[in-house]
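Report on the following structure.
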Amino acid sequence: MIRHKLAALLLLSGALAFNSVDTFADAPDSTYLFSYVSNKNAGRNGLHVAWSSDGSQWNEIGPEYRFVGSDYGPWGAEKRMLAPYLTKTADGLWHCVWSLNEKEGRLAHAASADLVNWKRQSYPKVMEEGNCLYPEISYNQSTKEFLLTWLIATAANDTTVFCTTTKDFKTYSPTKKATATSRMNNRSTLALADGSMTGVVTKVAKSEADRLKDARDLNDYRQQKYDERTESDGVRFAGLQPVEATITVDKKESKAISDLLVGVFFEDINYAADGGLYAELIQNRDFEYDLSDTQGRDRNWNSKKAWSLTGENATFTIDTVAPIHPNNPHYAVLSVKEKNGAGLGNSGFDGIVLKKGDAYDVALFARQIDGNKGKLVVRLVGKNGAVYGESQLSTLSSDWKQYKAVIKAGADATDASLVVIPQEVGTVALDMISLFPQKTFKNRPNGLRADLAETLAAMHPRFVRFPGGCVAHGGGLENMYRWKNTIGPLESRKPLRNIWNYHQTAGLGYFEYFQFCEDIGAEPLPVLAAGVPCQNSPGGQQGGIPMCDMDEYIQEVLDLIEWANGDAKSTWGKKRAEAGHPKPFNLKYVGIGNEDLISDVFEERFEMLFKAVKEKHPEITVVGTVGPFYEGTDYEEGWDIASRLGVPMVDEHYYVSPGWMIYNQDYYDKYDRSKSKVYLGEYAAHLPGRPNNLETALAEALYLTSVERNGDVVSMASYAPLLAKEGHTQWNPDLIYFNNSEVKPTVDYYVQMLYGQNAGDTYLTSQIKLSNNKEQVKNRIAVSVVQDSKSGDVIIKLVNMLPVSVKSTLNLEGLVLESSRTTKTILTGSPTDKKLLPLTSEIKITPNFDYEMPGYSFTVFRISNKL
Ligand code: AHR
């Protein structure tokens, strides 16, 4: 009967035959699976499955439950799965092929043993011209080859069949034309509750469908927990009485943990560099802004951005003939027709902030093109015309030359512009017009904005990762961050479109990053592309750096190590010395890759890079990458590669809900200690609407107790992203917000700061006994005890994410404490609070002391080792 119905259905849809292994055709417990994509979101919701015991009544495993999604190309524009074709072959593996879009000559393929866990995806280019629509896959037992067929829409809107074969999904036979009969043509259109869908019906054992339903149920169950929010705590914890806790700390059970645990992840996102940490006050100083920086979204984004003429009878154009340096081709041409004070002004990044009495360095390149050779006046003026200070540069020459001056600000201002005013009638070329406060962090020239850098330094970060994030691997091969373009004289550095749709001057380049690390006593952790751009680039990974260029790229990575650590006489060490740092920077870590799509393209290049660094520089710890999530294909495959190659450390990323952090405090307890160490390179708690508040901060504090506990396997951790300029933010939440004159650390910042300032290198085991052991209660209370060997101080961190207090007794009798002098710091408030400060007081403790953790609180006790 079932067979009968299905045959009718397939006939209706013009099907010729089943392509899958029909092992269960006559089994009483067989069932049917229907795989399809829904009509929603242009295929971006991925592969769905419905099941039926009779081929007539269909049940969606939903709603919109995704078994696998396409990871090709940028979010929003791509990541589409069109016309998936799912089949199971004789080896028991499921294979899914799909179209990526209507235009590209690429297919997509992924395989899975159970339809729940999927192997890496590949996107073979099978058509030089034309698209690949309605792909199908089948297996030929005798040749042991997969046959892939697809249709292309021809100009006449007709379709033609093409095919290729493969044994391994790595190499493919040349594409050729095929006949319509080589196709199964067995897609069916079925009426599901959500509407009419087209897909493929496969007959399987019932257990197979049950497993899929279980996967969905498990996912729902987990999601329910991960959605736990404090806003519903009133209901969740109605009637909950204060909890009692006995915490016993014992020194006998201790283990060494990483002394680098808390660091920072700096990425030029949200104007973190230009207009942010980099203290340059002039926007578009190099006249290199380009429409493409914003991907055409801002029509006014061009070489003239932030510049305007002031005064009458003057013109301002852009030229590229005979620039100062080929890496910086655009410059301004300013003509003044009468001596009336007309000039070229720059409004900075939303106005220039000045501090009365402070000195500002002006530097610019100029050459007199025509007219009388004259001088330039550089003047700081307010919107109302007020002059805050000025200076005069020496007489111009007809060749490019750099001119410098100092202006002292006569008043405080937030709205200043810098105006360059020729003193003679004529035409001048101007470029690299710069204004820097002399008071940068540690007074470094070309340095960092002091208040922001000090806020970072106050976290006591043990390492700084830079320059990203996605900035490191770029939105396409041409957009990869190449460190060599960011060192040397500023005018020779190569600016780049910022992947977050603005402009990066590279003024804050590798030298400045390394210098900052040294200034704050942090290890530099540069992250370099693994030869592939961001998986979200237009065109996906684009095949990676072509193999013929890989040797050169590998050398670029090796050169970085020489630049950082080599003798001042070595080729690259010399460049470092010339920049003012003859001593090596003592680089120990190099990241290769940033949450890349783990594909064959990635693996091949990563392996080459890893092996080259390992061979030439065994002293360097390479940090590999395992994708953007805490589980899934990239995570699994990334870890497999790391284990196979013996990569010493991998970079994990996960932005998760507070609930995830509450219920995954055992995440690292389960990690195999014989495998790679972990750098938790990007993480943050995200709530709907993406705020920073005490809820996110406490979730992070709670989770970090488990990271400290696992400090033998987790070597480093950094919250992400770090900085965000108000009004120029592409990503929320961030750790520190700022504008031109204020720095606004978030509550999450204070958690990071307290962990950074109170790090240890020995973990002391503690037992915690609670009066209430309900899962929801006990998961909201955490303790971590560490000792810092340098000071000998013992640090106790206590987190209470419950709405009620936790009356605790701390038993420290197992510790031999030299002193009872203790600093207590507490961060507490209501979960939605965004503006909280930690409060610190001095107390004395006894080996047995009582402490009532307030509801929603994070407390740090630092017990001094000094009497
Ligand atoms: O931290 C912001 C972004 O998140 C990073 O650039 C990227 O690595 C991740 O997706």
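Both counts, for ligands and for their atoms, begin at 1 and track the order of listing. Keep in mind that what you see is a predicted model, and the values were worked out from it rather than measured. Start at 1 with the first residue, then count along the sequence.
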For this session: Assess Gly468 for proximity to ligand 1: is some non-hydrogen atom of it under 4.0 Å away?
Result: no
Exercise. So, does Asp286 use its side chain to make a donor-acceptor pair with the main chain of Glu288 at under 3.5 Å?
Worked result: yes
For this session: Would you check whether Ala720 has a nitrogen or oxygen atom less than 3.5 angstrom from a nitrogen or oxygen atom of ligand 1?
Result: no
Exercise. Can the ring centroids of Tyr750 and Tyr755 be said to lie less than 6.0 angstrom from one another?
Worked result: no
Exercise. Looking at Pro721, which atoms of ligand 1 are within less than 4.0 Å of one of its heavy atoms?
Worked result: 1 (O), 2 (C)
For this session: Test side-chain contact (heavy atoms from CB on, under 4.5 Å) on Ser718 and Val264 and set out the steps.
Result: CA-CA 5 Å; Ser718 45; Val264 293; 5.5 Å; no
Problem set entry | Subset of ligand 1 atoms that lie under 4.0 Å from at least one heavy atom of Phe265 | 1 (O)
Problem set entry | Cation-aromatic face contact Lys744/Tyr737, 6.0 Å, 45 degrees | no
Exercise. Is the ring centre of Phe266 less than 6.0 Å from the ring centre of Tyr513?
Worked result: yes
Problem set entry | Heavy-atom nearest neighbour in the protein, as seen from atom 5 (C) of ligand 1, with distance rounded to 0.1 Å | Glu267 OE1, 3.3 Å
For this session: Give the contacting part of Trp500 toward ligand 1: side chain, backbone, both or neither, where contact means a heavy-atom distance below 4.0 Å.
Result: side chain
Problem set entry | Nearest-option assignment for atom 7 (C) of ligand 1, heavy atoms, candidates His653, Gln535, Glu682, His473 | Glu682
Exercise. With under 30° as parallel and over 60° as perpendicular, where do the rings of Trp563 and Trp483 fit, or are they tilted in between?
Worked result: tilted
Exercise. Numbering the atoms of ligand 1 from 1, which are under 4.0 Å from a heavy atom of Gly469?
Worked result: 5 (C), 6 (O), 8 (O)
Problem set entry | Sub-4.0 Å atoms of ligand 1 with respect to non-hydrogen atoms of Asn594 | 8 (O)
Seminar exercise, completed: Min over Tyr654, Tyr655, Trp75 of heavy-atom distance to atom 1 (O) of ligand 1 lands on Tyr655
Seminar exercise, completed: Near Glu595 (heavy-atom distance under 4.0 Å), the atoms of ligand 1 are 7 (C), 8 (O), 9 (C), 10 (O)
Exercise. Between Tyr271 and Tyr502, is the gap from one ring center to the other below 6.0 Å?
Worked result: yes
Exercise. Can Arg690 be said to sit on top of Trp731's aromatic six-ring, NZ or CZ under 6.0 Å from centre and within 45° of the ring axis?
Worked result: yes
